[in-house]
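Presented below is the structure to which this report refers.
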Protein chains: 2
Amino acid sequence: MLNGRTPSVKDVAAAAGVSLGTVSNVMNRPEVVSARTRERVERAMADLGFVRNESARQLRAGTSRTLAYVMLDGTNPFFHDVAQGIELAAEDADLSLFICNSNSRAEREEAHLDRLLQQRVQGILITPVNSEAPYLYDLTRRGVPLVIVDRRRDDESCCSVAVDDVHGGRVAIEHLVEQGHTKVAFIGGPDSIGQVRERLQGAREVWAELGLPADDLVYLPTEAMTVGEGRSAGERLAGLPARRRPTAAFCANDLLALGLLQQGIGAGLRVPDDLAIVGFDDIEFAAAAAVPLTSVRQPRQELGRAAAQLVLDEATNPDHEHQQLFFTPELVARASSRAR
Amino acid sequence: MLNGRTPSVKDVAAAAGVSLGTVSNVMNRPEVVSARTRERVERAMADLGFVRNESARQLRAGTSRTLAYVMLDGTNPFFHDVAQGIELAAEDADLSLFICNSNSRAEREEAHLDRLLQQRVQGILITPVNSEAPYLYDLTRRGVPLVIVDRRRDDESCCSVAVDDVHGGRVAIEHLVEQGHTKVAFIGGPDSIGQVRERLQGAREVWAELGLPADDLVYLPTEAMTVGEGRSAGERLAGLPARRRPTAAFCANDLLALGLLQQGIGAGLRVPDDLAIVGFDDIEFAAAAAVPLTSVRQPRQELGRAAAQLVLDEATNPDHEHQQLFFTPELVARASSRAR
DNA sequence: GTCGTGGGTTGAAATGTTTCATAAACGTAG
DNA sequence: CTACGTTTATGAAACATTTCAACCCACGAC
């Protein structure tokens, strides 16, 4: 029972009439201790309600049993799916996962990283605000296993797992053009976000290759990648003169697309007849929208799982080599963009 | 610079030509050390890239600088909003937040709790699979500050923060009846989930009070509270003979409601004319649905923030008393249920 | 010149584990 | 009966920090 303080190995040892070392062995190498004493010790642990103190273990071992994921935006289910993938891999390796959320603010991100460093986590996975931030390079210099998720670094100085965003932008636009659209909006921002820049780049590339006039791919920048911003982009779209108004929109993520969809329907537009919509990420809610959303699918859990494997390799394998994993996203066509 | 091992206070002390204790003082009580030495030490810390080892500090201090939240279902944005509220409060108290996800599985939950105990977290917030689980009582017995979120315990042996689910059920049904519905479905499950039971109870209470025949409030149980289950409940609903088919549905959460909405629209129903829908939680996506969803709003962030404050009080205030905080949810009427 | 006073610094102890070299106990082969 | 191996158990050291009593020294008061 509980008599004030939480019991330590010392208390267990005393209760079982053995030495400290033996108790430790029962926990860590049960095979070297005889069945009789093992039982006695286990009973003592149960009686006292002993729980191993992880700080002490960690202090001695020099390393913790946790990974950490610093996500970019907690309001976007996409990142939780990534986290779920990481968690599964962590669980397999018998590690805990620390989940942090920077909310797209660099200073929160840096504060989280500082904390994680103090905790001596085994490795850090991060979808950074800016993958070139100096404090990220510091981590690598320090030797902390680091994997950048859903982004990559220009030089290849750490592992990363990402999707080919340029390609994603291409397939989205190709699809819309195939459906007969010749005036299309790209909705996304701010363009400090690398994903946005590359998806737009892909869109523009293929638009040019198909010989369409650059002016007919209009860029509607947003302040953030949220449902609310999607709605307000919809209003701006509706405000355009009919001749210049696009008949389709490619949104840089699904939250924007859902906001746009809602605003459009609320304003009496028929989707896809008056306005076709393509999103990005293919989150759960995309398929569940009232007009199921066409989206560029990222393998969300896979991304997380692969990243976790990389970070574990870096943490445990002495001749680890940095890798840049690259997944190819694919278009999932649904009702929101079907041919007119 | 990094010469193999990460530097400790000892290294810093050597580099600055002072004792261990002084370095510690610089970090924890800068006012007692003279400006000159303080600067010297700080420079040494910077030069060596010193990062305090949290395990060692924690071992000595006996307590960690973290809270933990064990959420019930990572796929439901509701819980992330709660987590966000907790995080804000934790940040104010200069604590880290450990987020775990039980995915509605008791054994995962127990495993997480075990880990958290080993980490000696300052307090645990949890939305449990079953608030009467014996291992939860163990925590209380152990003296771990514990707050149950979005649930409460029958006896009042720990703090809890919840909304009045019975009341929530009542207002949902009152609203639907006001809109003229006399045949309504309640969709939710499994009924091992307390929230489901109480929302249903409230619904039945008011239904009876209004003098409506019990048979006309039909209970469609689901296996889980997901979008997919909402869709399949929609199919079951459509399969009912027209005379017995409800004209409105009250779903135990918004995910179910969104699934139902999508299935309904896909099958050609007009919402709310053919089928009115009310959800529960009022997650972000509820308002953003193509037919904006009427929902019973829980103050999501507030719930988390209040819970964090309770757990902090229990952790720091010696004459803490357990409290059962109770919020009253309110109906947010939107298009999915407007009068016919 | 001695005695406090008090700011600044020190060194050792303590926290709960794990590890490892060593010791004890116990068989068994010679 | 001894010597030797094996199996089990022990005790001390180490991990990085914080805390606290003790100490030093300069300075002003007497």
Side-chain angles (χ1 to χ4, degrees), chain A residues 2-42 44-45 48-66 115 117-122 142, chain B residues 2-42 44-45 48-66 115 117-122 142:
Chain A
L2 169 83
N3 57 343
R5 222 178 65 286
T6 75
S8 71
V9 272
K10 202 189 299 187
D11 302 318
V12 174
V18 299
S19 75
L20 288 197
T22 302
V23 177
S24 174
N25 282 336
V26 169
M27 296 190 285
N28 304 306
R29 294 191 226 64
E31 69 282 3
V32 311
V33 22
S34 75
R36 247 173 61 74
T37 29
R38 175 153 24 109
E39 260 167 46
R40 236 183 24 232
V41 171
E42 276 164 354
M45 296 204 288
L48 293 164
F50 169 78
V51 176
R52 178 206 253 121
N53 182 324
E54 178 64 23
S55 323
R57 167 215 253 257
Q58 191 168 309
L59 173 59
R60 178 65 230 242
T63 172
S64 76
R65 307 284 302 153
T66 46
R115 249 339 136 115
L117 233 40
Q118 294 189 16
Q119 320 259 27
R120 302 289 195 273
V121 293
Q122 280 222 342
R142 264 212 163 69
Chain B
L2 169 82
N3 58 342
R5 222 177 66 284
T6 75
S8 71
V9 271
K10 200 188 302 185
D11 302 318
V12 174
V18 298
S19 77
L20 289 197
T22 301
V23 178
S24 175
N25 282 336
V26 169
M27 296 190 284
N28 303 306
R29 295 190 224 64
E31 68 281 4
V32 312
V33 23
S34 74
R36 247 173 59 73
T37 29
R38 178 158 19 115
E39 261 168 44
R40 239 188 15 235
V41 171
E42 276 164 354
M45 295 203 289
L48 293 164
F50 170 77
V51 176
R52 178 206 253 122
N53 183 325
E54 177 64 21
S55 323
R57 167 214 252 256
Q58 192 168 307
L59 173 59
R60 178 63 230 244
T63 173
S64 74
R65 306 285 302 153
T66 46
R115 268 297 162 128
L117 233 39
Q118 294 190 13
Q119 320 260 26
R120 300 290 193 272
V121 293
Q122 280 221 344
R142 264 213 162 67

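To find a chain, count down the sequence lines: A is the first, B the second, and so on, and within it residues start at 1. If you're wondering where the values come from, they're calculated on a predicted model, not measured in any experiment.
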Can you tell me the distance, in whole Å, between the [atom1] atom of [X] and the [atom2] atom of [N]?
| X | N | atom1 | atom2 | result |
| --- | --- | --- | --- | --- |
| A:M27 | C:dT17 | CE | C1' | 7 Å |
| B:E39 | C:dG8 | CD | P | 14 Å |
| A:R57 | D:dA14 | CZ | P | 22 Å |
| B:N25 | D:dC20 | CG | P | 11 Å |
| B:K10 | C:dT10 | NZ | P | 16 Å |
| A:L59 | C:dA14 | CG | P | 17 Å |
| A:L48 | C:dG16 | CG | C1' | 15 Å |

Taking donor-acceptor contacts at under 3.5 Å, does the side chain of B:R60 reach the base of D:dT17? no
Could you check B:V18 against B:A61 and say which one's nearest nucleotide on DNA chain C is further toward the 5' end? B:V18
N/O (side chain, [X]) to phosphate O (OP1/OP2, [N]) under 4.0 Å:
| X | N | value |
| --- | --- | --- |
| B:S34 | C:dT9 | yes |
| B:R120 | C:dG16 | no |
| B:S55 | D:dC15 | no |
| B:T22 | C:dT10 | yes |
| A:N28 | C:dT18 | yes |

Could you check whether [X] gets within reach of a base, just the sugar-phosphate, or nothing at all, counting any heavy atom under 4.0 Å?
| X | answer |
| --- | --- |
| A:R36 | nothing |
| B:S24 | base |
| B:R29 | sugar-phosphate |

Rounding to 0.5 Å, atoms CD (B:Q122) and OG1 (B:T66) come to a distance of 7.5 Å
Enter the distance from B:R52:CZ to A:R120:CZ here, rounded to the nearest 0.5 Å. 10.5 Å
Could you check which of [options] has an atom nearest any side-chain atom of [X]?
| X | options | value |
| --- | --- | --- |
| B:V32 | C:dT10, C:dT9, C:dT18 | C:dT9 |
| B:L20 | D:dA16, D:dT18, C:dT19 | D:dT18 |
| B:T37 | D:dT10, C:dT9, C:dT17 | C:dT9 |
| B:R52 | C:dT9, D:dA16, D:dT18 | D:dT18 |
| A:S8 | D:dT8, D:dC15, C:dT17 | C:dT17 |

Which of A:T37, A:V12, A:V23, A:V26 passes side chain to side chain contact (heavy atoms under 4.5 Å, CB included) with A:E42? Answer is A:V26
Note: A:A44 and A:A16 closest approach over all heavy atoms is CB-CB, 3.9 Å
Looking only at non-hydrogen atoms, find the nearest pair between B:K10 and B:L20 and report the distance. CA-CD2, 3.5 Å
Only one of A:R57, A:Q58, A:E54 passes side-chain hydrogen bond (donor to acceptor under 3.5 Å, both in side chains) with B:S55, and that residue is A:Q58
